[in-house]
There are 2 protein chains.
Amino acid sequence: MPAPPPPDDDARRHPRSRSRARTGAGGDRSGRSTAGRGPEPPRHEAIAAALRRAITEGRYPVGATLPSEAELAAAHGASRGTVRQAVAALLAEGLVGSRQGARRVVLSTTPSQSFTELRSFAQWARAGGRTAGGLVLSSSRGTARAEEAGLLQVPPGAPVLHVLRLRTLDGDPVLLERTVYAEWIAPAVEALPDDCESVTERLRRDEGLVFAHGEHHIDAVAAGTADADHLRVRRGSPLLRVRRTTTTAEGRPVETSDDRYRPGSVVFTVRNSTQTNPLTRTHA
Amino acid sequence: MPAPPPPDDDARRHPRSRSRARTGAGGDRSGRSTAGRGPEPPRHEAIAAALRRAITEGRYPVGATLPSEAELAAAHGASRGTVRQAVAALLAEGLVGSRQGARRVVLSTTPSQSFTELRSFAQWARAGGRTAGGLVLSSSRGTARAEEAGLLQVPPGAPVLHVLRLRTLDGDPVLLERTVYAEWIAPAVEALPDDCESVTERLRRDEGLVFAHGEHHIDAVAAGTADADHLRVRRGSPLLRVRRTTTTAEGRPVETSDDRYRPGSVVFTVRNSTQTNPLTRTHA
DNA sequence: TGAAGGAGCTTGTCCATACAGGTGACCGCA
DNA sequence: TGCGGTCACCTGTATGGACAAGCTCCTTCA
């Protein structure tokens with residue numbers, strides 16, 4: 001849409017520099033804190049963010065078609081490859097659908113507040129406009145049982161840290177976490193305050209530890225005595241159980257946890273697609 | 001925009017044809033049933049499949065590093081971009097992790113038998129080496145309630161088809177489906193046999209209808225009288241509920257369903273990553 | 001012996017180009 | 001009027017080149 005600046009031939013060979021210059025010069029982005037805050041995100045991510053915003057704000061309602069790759073490329077002063085990279089993100093989130101030959105279609109306008117991103121409880125709560133709370137009920141050193149050891153990739157009987165934590169949403173108890181931390185991270189966890197709102201964020205800030213990967217197993221169980229007590233439900237009432245194991249970017253397991261959600265307050269959402277995959281997967 | 005086909009005699013300008021010719025010459029793929037069985041998968045998919053197989057077969061155990069992109073490219077006679085497209089698929093499946101500067105690491109060797117792919121119950125069962133069964137308990141025309149209408153994107157009161165279906169795994173009842181089909185697909189569904197093993201596959205074969213997208217809401221509920229009866233559990237025992245809506249590739253809703261799973265027999269698995277996204281998402 | 005530095009490899013980002021294959025709308029003919 | 005074919009448009013696939021950023025390991029110096 002915004003006609004690119006007059007054809008400057010020598011600059012055409014440095015599109016990256018050109019557009020960078022543009023954001024600084026023509027676009028009064030300089031007024032924004034782009035330079036001061038962080039190293040400036042990659043182009044494809046910026047484009048994806050712009051599209052995502054346009055969709056969630058209703059500029060493209062459900063069923064509408066997105067501009068073609070060529071148009072988007074021109075509008076953002078990027079190449080088609082970069083635009084494809086951007087829309088691939090929306091594809092993976094299930095916001096848009098794509099078929100060869102046809103324009104892309106908007107499937108949903110609600111941002112994926114779900115598993116697509118690996119979200120901590122606090123982050124997830126904030127995204128929904130709610131306030132999360134936390135309270136450590138007990139914390140004790142112990143040894144890993146066989147199952148836990150397997151998940152944490154340590155020998156059975158290895159020292160670990162067991163933590164029982166109650167999570168609240170707007171003051172209501174909704175989640176009981178039974179977490180087992182690997183020993184190498186235990187001191188950092190013990191140093192946290194009992195009512196720490198977001199363990200994930202604290203560990204990232206204090207230890208530089210990022211939870212990069214996670215595996216979640218979901219099923220339903222009946223509330224036990226302890227569950228019922230803390231979550232304020234009757235014993236035997238249904239709970240949503242999520243057993244998860246989290247690892248660092250290098251694949252080193254950090255924690256494994258048995259999380260039990262009180263139904264009604266929390267619903268998990270997964271969006272799905274035959275084309276979920278980055279750049280295709282349609283075959284067979 | 002598309003430059004009219006100029007008279008090009010230079011064979012170097014047709015890398016696709018070149019490599020095809022290579023596979024044809026060196027590997028006499030023509031001798032294989034490639035021509036008879038489907039149109040030959042894209043290169044990047046073939047490479048992804050090879051890597052996936054190597055991982056699940058244990059050639060790369062958990063924690064091992066994958067060959068570099070350059071090595072893979074050379075090994076498969078493809079360009080780096082194509083290899084990147086292939087590994088992006090594994091990234092999205094959570095099989096491998098990736099960090100800039102470091103070799104890719106294997107995170108898991110179990111194929112994602114889960115939500116990453118949109119699988120029908122029968123397909124999913126087969127993948128696990130089990131046999132799926134189905135039985136229609138009731139099927140009746142009716143009108144859409146407000147909630148159903150919203151999910152199917154039809155006006156409230158529009159004609160729909162309600163189907164109650166019991167699914168079995170190796171003969172045991174594990175899933176009770178309450179499905180609402182949009183009217184335009186209702187005749188095809190009614191034409192199906194009552195004990196149809198896979199509705200998804202039949203509809204694809206007979207109608208050319210593909211279930212391309214899905215949205216799933218997961219929570220836990222107590223078994224009602226009917227649930228308890230059909231699933232052979234006590235009333236009030238916990239069930240895993242998945243409310244899902246499925247649409248075609250164009251985004252047209254096909255069905256919406258309330259599925260209740262008997263716990264113990266089925267566990268949902270979701271694998272997760274900060275880098276789940278196609279080609280990045282690490283920022284912020 | 002231990003720590004700082006650098007070289008080389010590897011992944012991330014981006015561009016330009018070309019062709020294949022599917023979609024959908026327009027147009028002409030019966 | 002209705003049907004079928006043509007064609008512009010759009011996405012999928014693939015290559016190749018260039019540079020940036022980050023990780024590892026090895027060397028070198030104190």
Side-chain angles (χ1 to χ4, degrees), chain A residues 11-20 39-48 65-74 76-89 91 96-105 249-250 275 277-283, chain B residues 1-6 8 10-20 22-23 39-48 65-74 76-89 91 96-105 249-250 275 277-283:
Chain A
R12 281 223 291 100
R13 294 234 130 254
H14 302 279
R16 178 73 179 252
S17 327
R18 187 193 81 218
S19 36
R20 294 287 196 211
E40 183 165 0
R43 303 279 304 263
H44 68 83
E45 220 175 293
I47 298 174
T65 60
L66 253 45
S68 74
E69 292 178 2
E71 286 168 3
L72 289 172
H76 290 90
S79 78
R80 207 187 130 207
T82 306
V83 169
R84 280 184 70 78
Q85 214 171 336
V87 294
L91 258 188
V96 304
S98 187
R99 302 139 63 206
Q100 183 174 44
R103 293 276 260 246
R104 298 204 166 82
V105 180
E250 305 100 62
Q275 43 200 269
N277 266 354
L279 309 169
T280 136
R281 152 60 81 71
T282 358
H283 191 63
Chain B
M1 189 87 50
D8 51 0
D10 190 356
R12 282 222 289 94
R13 299 232 130 248
H14 300 281
R16 178 71 178 258
S17 322
R18 189 191 77 223
S19 37
R20 292 287 196 210
R22 174 132 57 92
T23 60
E40 181 167 0
R43 301 281 301 264
H44 68 84
E45 221 176 291
I47 297 174
T65 61
L66 251 46
S68 75
E69 293 178 1
E71 286 167 1
L72 288 172
H76 290 89
S79 74
R80 191 163 78 108
T82 305
V83 169
R84 281 184 69 78
Q85 212 171 335
V87 293
L91 257 188
V96 303
S98 189
R99 302 141 60 208
Q100 185 175 56
R103 294 272 261 244
R104 298 204 167 84
V105 180
E250 304 100 63
Q275 44 199 267
N277 266 353
L279 310 169
T280 138
R281 154 59 80 72
T282 357
H283 191 65

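Proteins come first, then strands; the chains are lettered A, B, ... in the order of their sequence lines, and each starts at number 1. Keep in mind the model is a prediction, meaning the values are calculated, not measured.
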CZ on B/Arg84 to CD on B/Glu69, rounded to 0.5 Å: 4.5 Å
Counting any heavy atom closer than 4.0 Å, what does A/Arg104 reach on the DNA or RNA strands: base, sugar-phosphate only, or nothing? sugar-phosphate
Does any non-hydrogen side-chain atom of B/Val96 lie less than 4.5 Å from one of B/Val105? no
Among [options], the one nearest [X] by side-chain distance:
X: A/Ser68; options: C/dT11, D/dA14, D/dT11; result: D/dT11
X: B/Arg84; options: D/dT15, C/dC14, C/dT13; result: C/dT13
X: B/Ser98; options: D/dC10, C/dG12, D/dG12; result: C/dG12
X: A/Pro42; options: D/dA14, C/dG12, C/dC14; result: C/dC14

Taking for each residue the nucleotide of DNA chain D bearing the nearest heavy atom, is the 5' side occupied by B/Ala102 or by A/Gln100? A/Gln100
5'-most by nearest nucleotide on DNA chain D - A/Pro67 or B/Ser79: A/Pro67
Could you check B/Ala70 against A/Val83 and say which one's nearest nucleotide on DNA chain C is further toward the 5' end? B/Ala70
Find which nucleotide of DNA chain C each of A/Gly81 and B/Arg80 is nearest to by heavy atoms, and output the residue with the more 5' nucleotide. B/Arg80
What is the distance, to the nearest angstrom, from the NE2 atom on A/His44 to the C1' atom on C/dG12? 8 Å
Does a distance-only test, which skips hydrogens and angles, find a donor-acceptor pair under 3.5 Å between the side chain of B/Arg99 and the base of C/dG12? no
Any side-chain N or O of B/Thr82 under 4.0 Å from OP1/OP2 of D/dT15? yes
Any A/Arg103 side-chain nitrogen or oxygen under 4.0 Å from OP1 or OP2 of D/dC10: yes
Would you say the side-chain atoms of B/Glu71 pair up with the backbone N or O of B/Ser68, donor to acceptor, closer than 3.5 Å? yes
Main-chain N/O of A/Leu66 paired to A/Arg103 side chain as donor or acceptor, under 3.5 Å: yes
